[in-house]
2 protein chains.
Amino acid sequence: MGIIRKTKAVKILLDLFENEFSAILAVDLVERLKNEMNKTTVYRALDRLEDEGIIHSFVGKNGLKWYAKCKNNCTSGHHNDVHPHFECKKCKKVMCLPVEVTIPNIPNHTIDNTAVFITGICDNCND
Amino acid sequence: MGIIRKTKAVKILLDLFENEFSAILAVDLVERLKNEMNKTTVYRALDRLEDEGIIHSFVGKNGLKWYAKCKNNCTSGHHNDVHPHFECKKCKKVMCLPVEVTIPNIPNHTIDNTAVFITGICDNCND
DNA sequence: AAATTAATGCAACGGCGTTGCGAAAGAATA
DNA sequence: TATTCTTTCGCAACGCCGTTGCATTAATTT
């Protein structure tokens with residue numbers, strides 16, 4: 001807990017997420033890094049990075065796992081931003097939208113976590 | 001397109017969803033019906049029911065597929081209700097919430113579909 | 001009843017993600 | 001630097017969900 005060990009895998013992944021603004025599919029990471037590290041290593045390093053609140057994960061429509069960089073000081077266990085994730089049908093990119101989604105009050109329910117997944121066409125492809 | 005064939009599988013499934021208010025995991029359906037039909041049949045019949053707009057599906061946090069009955073005259077291809085799905089951490093049930101979630105306008109984006117998945121504690125377990 | 005179309009069962013597969021375990025790498029102590 | 005301890009890595013194998021191909025059976029059409 002606290003400082004994360006900067007292993008080879010962690011360094012490579014951090015670098016990757018630093019230069020990537022859209023979310024990345026876990027399987028794509030495995031593929032892209034297959035010459036540098038084993039797939040098990042990728043998954044375990046992702047787990048650690050998520051535990052530390054450096055990245056966050058979510059599941060797409062097809063059940064595949066996406067990872068993206070956290071921007072709002074998330075900590076282990078709790079992620080601050082409840083932002084939607086947007087998947088463009090054209091360019092296939094998935095991005096975190098800098099927008100707050102407010103969930104209407106639901107009587108007698110305790111809300112713990114909210115995931116919003118939107119599909120459509122992004123601004124880049126809309127020209 | 002149009003009228004769905006009332007095969008054995010479809011009848012059983014329709015009956016099941018009629019008497020079930022919470023969503024059902026696809027794998028649970030396969031398990032519950034394993035003496036009456038093959039797992040392939042279950043998945044294929046679910047596909048057809050969804051195509052006809054009788055049920056709708058969504059993916060949970062762990063990537064598993066859920067099915068629930070449609071209530072708002074959905075048609076093939078398009079499902080009318082953008083309601084959240086709520087998973088209770090205690091009783092593990094997943095229900096469709098009768099609430100509209102409004103997504104804030106996102107400049108230059110064309111929204112096609114929205115999925116909201118909430119976890120927490122439901123009213124039944126909150127006493 | 002015969003012919004056509006659609007649904008079913010079975011077995012095998014594909015893909016994502018996980019686990020167990022021995023080997024290697026990194027941190028800590030001296 | 002040498003020794004010990006802890007964490008990570010690689011490999012192989014696995015578990016599971018959902019899908020596909022194909023031959024069989026059931027339902028619809030004529």
Side-chain angles (χ1 to χ4, degrees), chain A residues 1-17 23-68 76 85 87 92 94 115 117, chain B residues 1-17 23-68 76 85 87 92 94 115 117:
Chain A
M1 185 127 175
I3 301 288
I4 194 167
R5 263 180 122 181
K6 300 226 183 61
T7 65
K8 185 182 107 191
V10 165
K11 277 185 209 155
I12 293 178
L13 284 174
L14 280 179
D15 217 59
L16 231 153
F17 279 105
I24 315 180
L25 261 178
V27 278
D28 284 351
L29 280 171
V30 170
E31 173 64 21
R32 279 166 73 173
L33 300 175
K34 74 174 166 201
N35 292 324
E36 314 183 49
M37 69 185 86
N38 189 270
K39 114 179 154 175
T40 313
T41 306
V42 176
Y43 281 108
R44 291 200 269 229
L46 287 171
D47 274 355
R48 270 176 271 145
L49 287 171
E50 186 171 25
D51 281 348
E52 295 296 328
I54 299 169
I55 60 177
H56 63 279
S57 74
F58 52 94
V59 173
K61 281 221 177 312
N62 43 18
L64 294 194
K65 215 165 184 186
W66 294 85
Y67 283 90
S76 62
H85 294 109
E87 176 171 25
K92 304 293 179 197
V94 171
F117 200 90
Chain B
M1 184 125 177
I3 301 288
I4 194 167
R5 267 178 120 180
K6 300 227 183 60
T7 64
K8 187 184 105 191
V10 165
K11 277 186 209 152
I12 293 179
L13 284 175
L14 280 180
D15 217 59
L16 230 153
F17 279 105
I24 316 179
L25 261 177
V27 278
D28 283 352
L29 279 171
V30 170
E31 174 64 23
R32 281 166 72 173
L33 300 175
K34 73 175 167 199
N35 293 323
E36 315 183 48
M37 69 185 88
N38 187 270
K39 110 178 157 176
T40 312
T41 307
V42 176
Y43 281 109
R44 289 200 269 229
L46 287 171
D47 274 355
R48 270 176 271 143
L49 288 171
E50 185 171 26
D51 281 349
E52 295 296 328
I54 299 168
I55 59 177
H56 63 279
S57 73
F58 52 94
V59 174
K61 280 222 178 310
N62 43 18
L64 295 193
K65 216 165 183 185
W66 293 86
Y67 283 91
S76 63
H85 295 109
E87 176 170 26
K92 305 292 179 197
V94 172
F117 200 89

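Letters go in sequence order (proteins before strands), and every chain restarts at 1.
Separating the NZ atom in B/Lys8 from the CE atom in B/Met37 is a distance of 6.0 Å, to the nearest 0.5 Å. A/His56 NE2 to A/His85 NE2: the interatomic distance, rounded to the nearest 0.5 Å, is 3.0 Å. Note that the CG atom of B/Asn62 and the CG atom of B/Leu25 stand 7.5 Å from one another [nearest 0.5 Å]. Taken to the nearest 0.5 Å, the CG atom of A/Leu49 stands 7.5 Å off from the CZ atom of A/Phe17. One distance of note links CG of A/Leu64 with CG of A/Asp28; it measures 9.0 Å at 0.5 Å rounding.
Residues from residues 60-68 of chain A placing a heavy atom under 4.0 Å of any atom in DNA chain C, listed by number, are A/Leu64, A/Lys65. Contact check of residues 29-40 of chain B against DNA chain D (heavy atom, cut-off under 4.0 Å) returns B/Lys39, B/Thr40.
Between the side chain of A/Glu50 and the backbone N or O of A/Ser57 there is at least one donor-acceptor pair closer than 3.5 Å.
In this structure, the side chain to side chain contact (heavy atoms under 4.5 Å, CB included) partners of B/Ala23, at least two apart in sequence or on a different chain, are B/Phe58, B/Trp66, B/Ala68, B/Val94. Listed by chain and number, the residues in a side chain to side chain contact (heavy atoms under 4.5 Å, CB included) with B/Ala26 are B/Tyr43, B/Lys65, B/Tyr67 (sequence neighbours excluded). Among residues two or more places apart in sequence or in another chain, the side chain to side chain contact (heavy atoms under 4.5 Å, CB included) test is passed with B/Glu31 by B/Lys34. Shown here are the side-chain hydrogen bond (donor to acceptor under 3.5 Å, both in side chains) partners of A/Asn38, two or more places apart in sequence or in another chain: A/Thr40. Residues passing the side chain to side chain contact (heavy atoms under 4.5 Å, CB included) test with B/Thr7 are B/Arg5, B/Ala9, B/Val10, B/Arg48, sequence neighbours excluded.
Screening A/Ile24, A/Leu33, A/Ile55 for a side-chain contact (heavy atoms from CB on, under 4.5 Å) involving A/Leu13 leaves a single residue, A/Leu33.
Residues A/Val10 and B/Ala26 both approach DNA chain D. Their nearest nucleotides, taken by heavy-atom distance, put A/Val10 toward the 5′ side.
Each end of the helix from C/dA1-D/dT30 to C/dA30-D/dT1 gets its own axis from five base pairs, and the two axes differ in direction by 30°, given to 10 degrees.
Nearest heavy-atom pair across B/Lys6 and B/Lys11 is O-CE, 3.4 Å. Residues A/Arg32 and A/Glu36 come closest through the heavy atom pair O-OE2, 4.4 Å. Closest approach of A/Lys92 to A/Glu87, counting heavy atoms only: O-OE2, 4.4 Å.
The footprint of chain B on DNA chain C, defined by a heavy-atom cutoff below 4.0 Å, extends from C/dA6 to C/dA11.
Listed pair B/Tyr43 / D/dT19 fails the phosphate criterion, with no side-chain N or O lying under 4.0 Å from OP1 or OP2.
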Distances for protein N/O vs nucleotides 5-8 of chain D N/O pairs under 3.5 angstrom?
unit_1 : atom_1 : unit_2 : atom_2 : d
D/dT7  : O4'    : A/Arg5 : NH1    : 2.8
D/dT7  : O3'    : A/Arg5 : NH1    : 2.9

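Side-chain atoms of A/Arg44 and base atoms of D/dG10 include a donor and an acceptor less than 3.5 Å apart.
D/dC16 atom P lies 14 Å from atom CG of B/Asp28, rounded to whole Å.
Residue B/Ala45 is classed as having no contact, given no heavy-atom separation below 4.0 Å to the nucleic acid.
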